[in-house]
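A short write-up of the structure that comes next.
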Protein chains: 2
Amino acid sequence: MLRLIGIGLNPKKHMTLEALEKINDSDEIYLELYTSRIVDMTLDELENLINRKITLLDRKTIESEFLVERSRKMKVSLLVPGDPIIATTHIGLVISSIQNNVEYEIINGISVQCVVPSILGLQNYKFGRSVSIPFPEYDYYPESVYNFVLENRKLGLHTLVFLDLRESLEMSALMGIDILLKMESMYRKDAIDKNTIIAVISKAGSEKQRAIADKIERIKERDLGPTPHIMVIIGSLHYMELEALKKLASFPENENINLL
Amino acid sequence: MLRLIGIGLNPKKHMTLEALEKINDSDEIYLELYTSRIVDMTLDELENLINRKITLLDRKTIESEFLVERSRKMKVSLLVPGDPIIATTHIGLVISSIQNNVEYEIINGISVQCVVPSILGLQNYKFGRSVSIPFPEYDYYPESVYNFVLENRKLGLHTLVFLDLRESLEMSALMGIDILLKMESMYRKDAIDKNTIIAVISKAGSEKQRAIADKIERIKERDLGPTPHIMVIIGSLHYMELEALKKLASFPENENINLL
């Protein structure tokens, strides 16, 4: 039995009754931290919370047959920050389990997608597809990412932006904005400009979480807090959403905004 | 202090450590069931789970000043199925709290948006904006809903479809499909046709949860299970997503599908 268990952004708060029960009933417990991060907790503290030993796995091992093979004879749990099915890797594990006749279970967790609209007071159904901005290695600026933002903006939708994570590197919102502006200057289809509103959440789910929203031209002067950052490119705003951004993300009070 | 507390689709499984802690620390506990449902539990069982008395509130009371006024002097918790910030009503409560200088907290829960991609093995970032299909009273078929589906389909994105809920009425997926086909015949922009793939989840989050995916022309002959239903209009499929639909939602094995 292979279990993919979502432990939320902050397991101290987000761990569910089902996750605790299934962890408790497992023979071996693994964790991966490369598709996202947990906040406010070390691995030791997480082990104390669930009162079990946890083995941290690297990407290569998770993408190998290791977990499915272990799960043939034992109850194996892979703990995943957030919700377990966000990444292709995890869908791959499910399919590999089915193909190998290994039973599996998915235990949902609180994901970034749930938390972000709550933090900013934005309506969930106003979000279009999410995008990820990769570090621009070898000057590679994917036009597809730019086009997804453009399509959402044309439809008045908000875009949740995942900023690249590496072993010890976390892309800041300011770097993400610079990459978007660079893409705008390359592809020139008016996806964003200096008046586009961006919301940045610092340390989502942690005790130190904070949110700031402002127009691109001014956001660089504001204190956005430490990484990890999550970013939202704001689409058309309902007046209630604008009120929320003012109250929850200190968007300037007297700003002129075209409302829906 | 007003607390909006998400209790997930199935509180027996989805209740988080934070929700339990905050409920336990509250003076009064309310519940609303009109923006969504909980499964596998009666109100009595929920009271037993949290070991507290719960008062069920109707829509009118929730949209009044009642909760904010009660929260001036006491710790008041409103339990909400799923995640608490999906509905405009709840954003309204947050803003009203701020305007009245009443402290508030939002406690995230497991929402339909988290659970659906996990059940079907679809990639989260492949979903466009969600839509809601209302009961067609007075022959009202909103073109905006049709256009949102059309826009997602043009972009190859999946569309999560919320089916209308009333006090004792739950729209079935078949009724939702009929309404979409009726809209197609009225607006004729090729949003859907008989080959469009639909996935239907019955009783999401419950022990009896099941999922079926098939083309519209055949889905009417399949046993979709009892309501409540959640529906997804499938966009372009990655081969891994197609594999997942076959394994997780018994999509026909030998179907010819254009993959991404």
Side-chain angles (χ1 to χ4, degrees), chain A residues 4 6 8-21 49 82-88 90-92 94-95 98-99 106-111 113-115 117-119 121-132 148 151-152 155 157 160 162 205 238 240-241 243-244 247-248, chain B residues 4 6 8-21 49 82-88 91-92 94-95 98-99 106-111 113-115 117-119 121-132 148 151-152 154-155 157 160 162 205 238 240-241 243-244 247-248:
Chain A
L4 301 179
L9 302 187
N10 184 346
K12 236 186 312 194
K13 295 176 2 181
H14 290 166
M15 192 77 81
T16 65
L17 294 178
E18 184 180 30
L20 288 170
E21 180 203 323
L49 177 72
D83 185 67
I85 286 291
I86 306 290
T88 319
H90 306 135
I91 303 183
V94 167
I95 291 173
I98 295 169
Q99 285 167 340
I106 296 167
I107 315 299
N108 285 111
I110 305 273
S111 75
Q113 267 96 344
C114 286
V115 170
S118 293
I119 294 173
L122 298 174
Q123 291 179 329
N124 210 300
Y125 69 84
K126 294 269 305 291
F127 281 78
R129 79 173 290 166
S130 314
V131 303
S132 298
F148 295 148
E151 284 152 2
N152 284 340
L155 299 172
L157 301 175
L160 178 63
F162 293 99
H238 184 269
M240 197 100 98
E241 292 183 309
E243 273 308 296
K247 305 298 186 196
L248 307 180
Chain B
L4 302 178
L9 303 187
N10 183 345
K12 235 186 313 195
K13 295 175 4 180
H14 290 164
M15 193 76 82
T16 64
L17 294 178
E18 183 179 31
L20 288 170
E21 180 202 322
L49 177 72
D83 186 67
I85 286 290
I86 305 292
T88 319
I91 302 183
V94 167
I95 291 173
I98 295 170
Q99 285 167 340
I106 295 167
I107 314 298
N108 285 110
I110 305 272
S111 75
Q113 267 95 342
C114 285
V115 170
S118 291
I119 294 173
L122 297 175
Q123 290 179 331
N124 211 300
Y125 69 84
K126 293 270 304 291
F127 281 77
R129 79 174 286 165
S130 314
V131 303
S132 299
F148 296 149
E151 284 152 1
N152 283 341
K154 272 197 208 155
L155 300 172
L157 300 176
L160 179 62
F162 293 98
H238 183 269
M240 197 97 100
E241 293 182 308
E243 274 307 297
K247 305 298 186 197
L248 306 182

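The basis for the numbers below is simple: all heavy atoms, side chains too, and nothing from hydrogens, waters or symmetry mates.
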Going by atom types only, do B:Ser130 and A:Asn124 share a side-chain donor-acceptor pair under 3.5 Å?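 Distance-only check fails for B:Ser130 and A:Asn124.
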
Are the side chains of B:Pro11 and B:Leu49 in touch, meaning some heavy atoms are under 4.5 Å apart?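 SC-SC contact between B:Pro11 and B:Leu49 confirmed.
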
Heavy-atom pairs under 4.5 Å with chain B, option from A:His238, A:Glu241, A:Met15, A:Lys126 with the top count: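 Top option by heavy-atom pairs under 4.5 Å: A:Met15.
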
Name the option with the most non-hydrogen atom pairs under 4.5 Å to chain B; the candidates are A:Leu155, A:Val94, A:Ile106.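 It is A:Leu155.
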
Run through B:Asn10, B:Ile110, B:Leu9 and flag the one making a side chain to side chain contact (heavy atoms under 4.5 Å, CB included) with A:Asn108.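 The option that passes is B:Ile110.
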
Heavy-atom cut-off 4.5 Å, strictly under: side chain, backbone, both or neither for B:Leu248 against chain A?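 Side chain only.
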
Do B:Arg129 and A:Tyr125 form a cation-pi contact, if we require the NZ or CZ to be under 6.0 Å from the six-membered ring centre and within 45 degrees of the ring's axis?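 Geometry flag: not set, cation outside 6.0 Å or 45°.
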
At a 4.5 Å cut-off on heavy atoms, which part of [X] comes close to chain B: side chain, backbone, both, or neither?
X        : value
A:Leu20  : side chain
A:Val115 : both
A:Gln99  : side chain
A:Ile98  : side chain

So which of B:Gly109, B:Gly6, B:Ala19, B:Pro117 has the biggest tally of heavy-atom pairs under 4.5 Å with chain A?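 Most heavy-atom pairs within the cutoff with chain A belong to B:Gly109.
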
Could you work out, with salt bridge (charged side-chain N to carboxylate O under 4.0 Å, His left out) as the rule, every residue matching A:Glu243, not counting sequence neighbours?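 Expected list: none.
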
Who are the salt bridge (charged side-chain N to carboxylate O under 4.0 Å, His left out) partners of A:Lys12, not counting sequence neighbours?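 By the salt bridge (charged side-chain N to carboxylate O under 4.0 Å, His left out) rule, A:Lys12 matches no residue at all.
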
